[in-house]
Asks: 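Quick one: this structure, given as structure tokens, is what I'll be asking you about.
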Amino acid sequence: MQTIYYDLRDTKGQQKEIEEKISAAAKILREGGLVGIPTETVYGLAANGLDEQAVKRIFEAKGRPQDNPLILHVTGPQWLPRYCRDIPPMAYVLARKFWPGPLTMILKCRTDVVPGATTAGLDTVAIRCPNHPVTLAIIREAGIPIAAPSANTSGRPSCTTAQSVLEDMGDKIEGVVDGGPCAVGVESTILDLTCDPPRLLRPGGLPVEAIEQLIGPISVDKAVTGTLAEGEKPRAPGMKYRHYAPKAPVTVVTGAPEASAQEIQRRAGPTSGVICFDEYAHLFSRQEVHKLGPSGDKLAQAQRVFDALRTFDGSGVTEIFAQCPDSRGLGLAVGNRLKKAAGFHIVEADSLRIILGLTGCTGAGKTSALAAIRDLGGTIIDCDAVYHQMLAENEDLRNAINASFPGVFRADGTLDRKKLGQEVFAKKERLTRLNGIVFRFLIPELERQIQHTGDGLYAIDAINLLESGLDRLCDRTIAVTAPAELRVRRIMARDNISEQYARLRISAQKPDEYYRSKCDCELNNSAETPAEFQEAARRFFVRLLETIREEKRRGAQ
Ligand code: TXA
Ligand code: MG
């Protein structure tokens, strides 16, 4: 069968042409045919929901098990009494607030109207009003409720573009309507209203928090959070199938993003595939990677999750590791799709906060050591940058400096650094006084920043780590040291200075011995190249982090 493609991505163009395409799609449906349709969640495979024969064709085209009922798509709550009975007032409250939108409600079914093929013989029916202008126009034009499961072949990830519908369904259906890529990317949230309190059967495009805000607490079906025991039946029959599964086995790693990225780094080999947040993709240069979106953008993750799973099928990866968002908002749906793909094979990465403090002489290799921490997914806190930011924004800090060193601020409020430098470097007592002021403001600000960003790995980069009291924030302080001769050569090359000047600069600093005696541990750098040292530093930190995690775990018990 030739599948007709209707391009309706642009609905602002030629109105007549658009109406003709909508009428054509509606006509196919009225006559018992199948059409791929766009919705805001995923593409649907539509048929006349009241036509038993048409509905049966959906099951054939998808290879869908007969016991898995379909959702009826309507244009608004006024359609509810036609197909449902004993409708609780709460259904109208929800519909008024969330329709059109990604909410499917399970209600008691008027079995005299809706054929058993649509509901798979259940006495309840799933019903929703999709938020897509093209599909709403098609339903209106057809004048019938549309039964539509997701348009993928059963067991494959759902389709979020018309192109993937053609891949799965081309030649099996009469038409595909292209309404552009789906805005939400995961299927609708399914809420069962035949029980009290209402029960979440499938997390989806409408966050649970939004529902609970409107109607109070709801319960969550077991099938949402784990696999069911042999013989146990989920309330949404579709939840028992191992959907969305790529060919390679999937492991989902939960926990704070830094921690889960590190856990995957430890586990992944050269033939592993990785699904990760954008920020961590650089950690997996040896692996095939599909990005899920920024760790803070769950809508982007929802839009990409199926594609990320789908695209591994064409590759030779032997196992897949996936980072998982927390379960707030759309995170519950994204995590659920990943976990289902993994058959709920889940590894928990520790979501602990670990703060390392790095210090050491110039030329020892602090920059490469920090790069190694960044490679492990850590966040670098550059105290110098924080100080300058605070100078620009914090009135109290400026006033405190000005009170002690009058005249160092220009008329426009900016700091005359040269002048302040001249004042403080002349007398040691003045430098100590300035540092006292700066650290008094800096430490709470750093604490606030770390608190705000949450768990994970942090490294504090501070010249005066030990003198400032910043070391008290750290789980470990690390002295980065290197043989003096090597440091001379390095800073000559790095800063393009003479040997004599390099030696002078080094002799003006504290010796390695000072850092060694004051820090918790030492990272010695006698490597030939920065890249070689960075690799050695990476191994050092992996071991150190394991020790710290172990300690924290024991401490928590
Ligand atoms: O976003 C969506 O909901 C998409 C778009 C196309 O609207 N549709 C969709 O349909 O995801 P489908 O068939 O892939 O998933 C429907 C789910 C299945 O898990 C099915 O078992 C459940 O809804 N379901 C349907 N009728 C039900 C009923 N009466 N009681 C409990 N669960 C039901
Ligand atoms: Mg589906």
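In what follows, residues are counted from 1 in the order of the sequence shown. Ligands are counted one by one from 1 in listed order, and the atoms in each one are counted from 1 as well.
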Asks: Near Ile71, which atoms of ligand 1 are under 4.0 Å from a heavy atom of that residue?
Replies: 3 (O), 8 (N), 9 (C), 10 (O), 16 (C)

Asks: Quick one: does Pro130 get a heavy atom under 4.0 Å from ligand 1?
Replies: no

Asks: If the cut-off is 4.0 Å to any non-hydrogen atom of Gly44, which atoms of ligand 1 fall inside it?
Replies: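 Contacts of ligand 1 toward Gly44, numbered from 1: 6 (C).
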
Asks: Is the closest basic N to carboxylate O distance between Asp326 and Lys298 below 4.0 Å?
Replies: yes

Asks: Please compare Ser154, Ser188, Gly36 and report which has the shortest non-hydrogen distance to atom 3 (O) of ligand 1.
Replies: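 Looking at heavy atoms only, the winner is Ser188.
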
Asks: Of the backbone and side-chain N, O or S atoms of Ser150, does one lie nearer to the Mg ion (ligand 2) than 2.8 Å?
Replies: yes

Asks: Would you mind checking if Glu258 and Arg353 are paired as a salt bridge, meaning a charged N to carboxylate O distance below 4.0 Å?
Replies: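 Here Arg353 does not pair with Glu258 in a salt bridge, since their nearest N and O are not under 4.0 Å apart.
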
Asks: Under 4.0 Å, heavy-atom basis, I'd like to know which part of Thr124 is in contact with ligand 1: side chain, backbone, both or neither.
Replies: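 Both backbone and side chain.
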
Asks: Please list, in number order, the atoms of ligand 1 under 4.0 Å from a heavy atom of Glu187.
Replies: 1 (O), 2 (C), 11 (O)

Asks: So among Leu356, Ile548, Ile380, Thr379, which one has a side-chain contact (heavy atoms from CB on, under 4.5 Å) with Leu457?
Replies: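 Answer after filtering Leu356, Ile548, Ile380, Thr379: Leu356.
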
Asks: Considering only NZ, NE, NH1 and NH2 on the basic side and carboxylate oxygens on the acidic side, decide whether Glu263 and Arg266 come within less than 4.0 Å.
Replies: yes

Asks: For ligand 1, which atoms have a heavy atom of Ile106 less than 4.0 angstrom away?
Replies: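 Counting atoms of ligand 1 from 1, those under 4.0 Å from Ile106 are 27 (C), 28 (C), 30 (N), 31 (C), 32 (N), 33 (C).
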
Asks: So, Thr318 and Thr271: side-chain donor and acceptor under 3.5 Å apart, yes or no?
Replies: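 On atom types as modelled, these side chains qualify, holding a pair under 3.5 Å.
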
Asks: Under a 3.5 Å threshold, yes or no: a donor from one side chain and an acceptor from the other, between Thr41 and Arg128?
Replies: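 Yes - a donor-acceptor pair under 3.5 Å links their side chains.
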
Asks: Please determine if Thr39 has a nitrogen or oxygen closer than 3.5 Å to a nitrogen or oxygen of ligand 1.
Replies: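 N/O-N/O distance below 3.5 Å does not exist for this pair.
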
Asks: Give the atoms of ligand 1, by number and element, whose distance to some non-hydrogen atom of Leu70 is under 4.0 Å.
Replies: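 That gives atoms 25 (C), 26 (N) of ligand 1.
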
Asks: Enumerate the atoms of ligand 1 whose separation from the nearest heavy atom of Ala236 is less than 4.0 angstrom.
Replies: 21 (O), 31 (C), 32 (N)

Asks: Mark up the atoms of ligand 1 that fall under 4.0 Å of a heavy atom belonging to Leu122, in ascending order.
Replies: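 Those qualifying, in numeric order: 28 (C), 29 (N), 30 (N).
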
Asks: If we set the cut-off at 4.0 Å for heavy atoms, which region of Asp192 has an atom near ligand 1: side chain, backbone, both, or neither?
Replies: neither

Asks: Between ligand 1 and His73, is the shortest N or O to N or O distance under 3.5 Å?
Replies: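 Yes - when backbone and side-chain N and O of His73 are compared with those of ligand 1, one distance drops under 3.5 Å.
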
Asks: Going by salt bridge (Lys or Arg N to Asp or Glu O under 4.0 Å), name the residues that satisfy it together with Glu52, two or more places apart in sequence or in a different chain.
Replies: none

Asks: For ligand 1, does Thr119 get within less than 4.0 Å through its side chain, its backbone, both, or neither, judged by non-hydrogen atoms?
Replies: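 For Thr119, there is no contact with ligand 1 at all, from either part.
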
Asks: Is Lys247 salt-bridged to Glu319, going by a charged N under 4.0 Å from an acidic O?
Replies: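 Judged by the 4.0 Å cut-off on N to carboxylate O distance, Lys247 and Glu319 do not form a salt bridge.
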
Asks: Is the shortest side-chain heavy-atom distance between Ile71 and Ser188 below 4.5 Å?
Replies: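 Yes, their side chains come closer than 4.5 Å.
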
Asks: Tell me which one of Thr111, Leu107, Ile106, Asp112 satisfies side-chain contact (heavy atoms from CB on, under 4.5 Å) with Cys109.
Replies: Thr111

Asks: Any nitrogen or oxygen of Gly238 lying under 3.5 Å from a nitrogen or oxygen in ligand 1? Just yes or no.
Replies: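 Right, the criterion is met.
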
Asks: For a 4.5 angstrom cut-off between non-hydrogen side-chain atoms, does Gln323 reach Pro257?
Replies: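 Gln323 reaches Pro257 side chain to side chain.
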
Asks: Answer with side chain, backbone, both or neither: which part of Lys62 has a heavy atom less than 4.0 angstrom from an atom of ligand 1?
Replies: neither

Asks: Counting from 1, what ligand 1 atoms have a heavy atom of Arg128 closer than 4.0 Å?
Replies: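 Those qualifying, in numeric order: 1 (O), 2 (C), 3 (O), 5 (C), 7 (O).
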
